[in-house]
Amino acid sequence: MRDFYPEDMLLRNTVFEAWRSAARQFGFSQYDSCVVESLELLKRKGGEEIADQLYAFKDKSDRDLALRAEMTPTLARMICARQGALSFPMKWFAIAQCFRYERMTQGRKREHYQWNLDVVGEPSVAAEAEILSAAARSMFILGLDQNDVVIHISSRALLSDLLAKLGVDPRFHPATFLVLDKRGKISDDEILKLLENAGIDATGIAAVKKLTGIADMKSALAVLESPTAAYTALSDLFEMLRIHGIADMVRFDLSVVRGLGYYTGIVFEAFDSKHEGRAIFGGGRYDGLLSDIGGKPMTAVGLGFGDVVISDYLAAKGKLPLQSSEKDIILGYMDDSQRATAMALARLLREQGRSVDMAMHSQKAKALFSKASQCGFREAIFIGPDDIIKGMARIKNMADRTERELAIPVGS
Ligand code: HAM
C-alpha cells in the first residue's frame, strides 16, 4: 500500500483534476460508494482473475466482506437499486480506491485509484466514442498528445463471428477469449496447451492461429465475407472517433480480449506508444451484468483508468507537476511584538479568499524570503517594527520582485 507525501499528493491531485475536468467536459456525473463491499457481489460479478486477489474478511457479525478490487460490480448494484427511478442513458464517473492482492510489478500495486467512466442504457457505439474521447481528453489535459498513447480496440462479438465463421463451436468461445487474452504474456506453446486443456479441438486451434494473422478491419471482413452487426458497429466507432479528432490515437487490434469475464462486445486497452508498460486504461461493453445481479437487462459500457501507470508515464516523459498552484502568500514577522498584527493581516487576506501560510514564530527576513522562493510562493509579506509605525505592510511579488502596499487592519 502506498503512502502519499505532499509531493505525491501534488501528482495525485493533478491526475484526479484532469480526470474530473474531462468527465465534466463530457457531461458525466460523479458517484461514489464505500470501499467495503459484500464478498459475494465482488466474487461472482467481478472478473475471474480479480476474485483470487480480493482482500476478504469477516466483520464482527460474521458477514463476509471484501475491499473492492474494481468499481463495476458496485456500480451495477447501485443502478439496480434505483433502476426504476434513474433516467437512461446514464453517464456516471467515479474515482475509486481499489485493492488487489497482486504480485507487485512495474505499474501494479496492491492499492490504486481508478477513474471509472460508464454509460448505461445506450446501445449505440456513440457511448464508446464518448468514453474513449473523454479518456483521451484527460491525457491531453495532462500534457500528453496523440503520439504518446495508442488505444487498441477490438470486439468480442466480432471475435465470436470470426470464430463461428472458422468453424469453432460457440460453447468454446468464452474459453478461447480467456486464452487469447494471455497472448504475449505466456509462450505460444503454453497457449496451445491451455486451448487443449479447455477442450478446444484441432479446428479451434487452427482458427486461433488464423485469427492472429488478422491485422486490420479489411482482413477481418475478408474472413467474414459480408459485414456482421459486430463488424459494422466497430467500423462505425472508428468513424466516430475520427470525428472526435482522435483517429491517430486508435488502432484495430484483435489481440485485445480483456481478462474480465463480463465483457460482451467492444473491448479496448490503452498503452504507451512503445507498448512498454502495463495498460494505462481498459474497458469495454458489458451487457449481462445488471440482469446478473437481479436488475432489468440493460446494456452498458465503461472503462477503468488507474493512477499508477499514467503517473509513471508522466514521470518518464518529464511531465510531472513541479509546483503546487496552492502556494499563494507567505507571511512572517520579525519579533513577537508584530505577531498580533501579522495574525490580523493573515485573517483579513484569508477572509478575502487568499491562501496565507503564516509563520508561527518570529524569524529573520532573509529566512522568510528564501523559503518564499524555494517553495514557489506567489507573494511574500514580512512585517517589521517600521511597518507597524507606518500602518502599511509591503507585499513582495516573488516573480518580478516588485512591491505593493497594504494597509494594516486598524486595532490589531
Ligand atoms: P481492469 O483492466 O482490471 O478493468 O483495470 C483497469 C485499469 O486499472 C488498468 O488498466 C490499470 O490502469 C488499473 N489497474 C488495475 N489493477 C491495478 C493494480 N493492481 N495496480 C495499479 N493499477 C491497476 C477494470 O477494473 C474494469 N472494472 C473497468 C471497467 C469499468 N469496465 C467497465 N467499466
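Each ligand, and each atom within it, is numbered from 1 in the order the structure gives. In what follows, every heavy atom counts, from backbone to side chain, and hydrogens, waters and symmetry copies are set aside. In this text, all values refer to a predicted model and were calculated from it rather than measured experimentally.
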Q: For ligand 1, which atoms sit closer than 4.0 Å to a heavy atom of Leu303?
A: 28 (C), 29 (C), 30 (C), 32 (C), 33 (N)
Q: Which protein non-hydrogen atom lies closest to atom 7 (C) of ligand 1, naming both residue and atom, and how far is it?
A: Gly304 O, 3.3 Å
Q: Hey, are the side chains of Met240 and Glu130 touching, using non-hydrogen atoms and a 4.5 Å cut-off?
A: no
Q: Short N/O distance, under 3.5 Å, between Gly306 and ligand 1?
A: yes
Q: Within a distance under 4.0 Å of any heavy atom of Asn116, pick out the atoms of ligand 1 and give their elements.
A: 30 (C)
Q: State whether the number of non-hydrogen atoms from other residues, nucleotides or ligands found under 6.0 Å of Lys366 atom NZ is greater than 12.
A: no
Q: With a cutoff of 4.0 Å, is Met71 in contact with ligand 1, counting heavy atoms of the residue only?
A: no
Q: Considering heavy atoms of the protein only, find what lies nearest to atom 14 (N) of ligand 1 and give residue, atom and distance to 0.1 Å.
A: His112 NE2, 3.3 Å
Q: Before signing off on this row, confirm whether Lys109 and ligand 1 have an N or O atom pair separated by under 3.5 Å.
A: yes
Q: How far is atom 31 (N) of ligand 1 from its nearest protein heavy atom, and which residue and atom name does that atom have?
A: Tyr263 OH, 2.6 Å
Q: Is there a side-chain contact between Lys319 and Leu142 (heavy atoms, below 4.5 Å)?
A: no
Q: Any idea which heavy atoms bring Cys98 and Gln114 closest together, and the distance?
A: SG-CB, 4.1 Å
Q: For this output row, return yes or no: ring centroids of Phe305 and Trp19 closer than 6.0 angstrom.
A: yes
Q: Which atoms from ligand 1 have a heavy atom of Phe281 less than 4.0 Å away?
A: 10 (O)
Q: To which protein heavy atom is atom 24 (C) of ligand 1 closest, and what is the distance rounded to 0.1 Å?
A: Leu260 CD1, 3.6 Å
Q: Do Arg285 and Phe268 come close enough that some side-chain heavy atom pair is under 4.5 Å?
A: no
Q: Does the separation of the ring centres of Phe16 and Tyr113 fall below 6.0 angstrom?
A: yes
Q: Would you kindly specify which portion of Val301 sits under 4.0 Å from ligand 1, judged on non-hydrogen atoms: side chain, backbone, both or neither?
A: neither
Q: Phe281 versus Leu132: any side-chain heavy-atom pair under 4.5 Å?
A: yes
Q: Take every heavy atom of Gly107, measure it against each atom of ligand 1, and state whether any distance is under 4.0 Å.
A: yes
Q: I need the nearest protein heavy-atom contact for atom 16 (N) of ligand 1: residue, atom name and distance, please.
A: Arg100 NH1, 3.1 Å
Q: Specify the protein heavy atom at minimum distance from atom 4 (O) of ligand 1: its residue, its atom name, and the distance to 0.1 Å.
A: Arg258 NH2, 3.0 Å
Q: Side chains of Glu190 and Ser187: donor-acceptor distance under 3.5 Å anywhere?
A: yes
Q: Is the closest side-chain heavy-atom distance between Ile381 and Ile329 below 4.5 Å?
A: yes
Q: Can you name the atoms of ligand 1, numbered from 1 with element, that are less than 4.0 Å from a heavy atom of Gly282?
A: 10 (O), 28 (C)
Q: Hey, does the Lys NZ or Arg CZ of Lys396 hover above the aromatic six-ring of Phe369, less than 6.0 Å from the centre and inside 45° of the axis?
A: yes
Q: Would you mind running through ligand 1 and noting each atom that sits below 4.0 Å from a heavy atom of Thr72?
A: 26 (C), 27 (N), 29 (C), 30 (C), 31 (N), 32 (C), 33 (N)
Q: For Ile280, take its heavy atoms, then give the atoms of ligand 1 lying under 4.0 Å from any of them.
A: 10 (O), 12 (O)
Q: Under 4.0 Å from any heavy atom of Glu102, which atoms of ligand 1 are there?
A: 16 (N), 17 (C), 18 (C), 19 (N)
Q: Using a 4.0 Å heavy-atom threshold (strictly under), name the region of Tyr262 that reaches ligand 1: side chain, backbone, both or neither.
A: side chain
Q: Between Thr105 and Arg278, is a side-chain hydrogen bond (donor to acceptor under 3.5 Å, both in side chains) present by the stated rule, with each step listed?
A: CA-CA 10 Å; Thr105 53; Arg278 308 286 305 244; 3.3 Å; yes
Q: As an exercise, identify every atom of ligand 1 less than 4.0 angstrom from a heavy atom of Val308.
A: 21 (C)
Q: May I ask you to check whether Tyr333 and Arg339 show a side-chain donor-acceptor distance below 3.5 Å?
A: no
Q: To check your reading of the model: name the closest protein heavy atom to atom 33 (N) of ligand 1, its residue, and the distance in Å.
A: Asp118 OD2, 2.8 Å
Q: What protein heavy atom is closest to atom 9 (C) of ligand 1, reported as residue, atom name and distance in Å?
A: Ala279 O, 4.2 Å
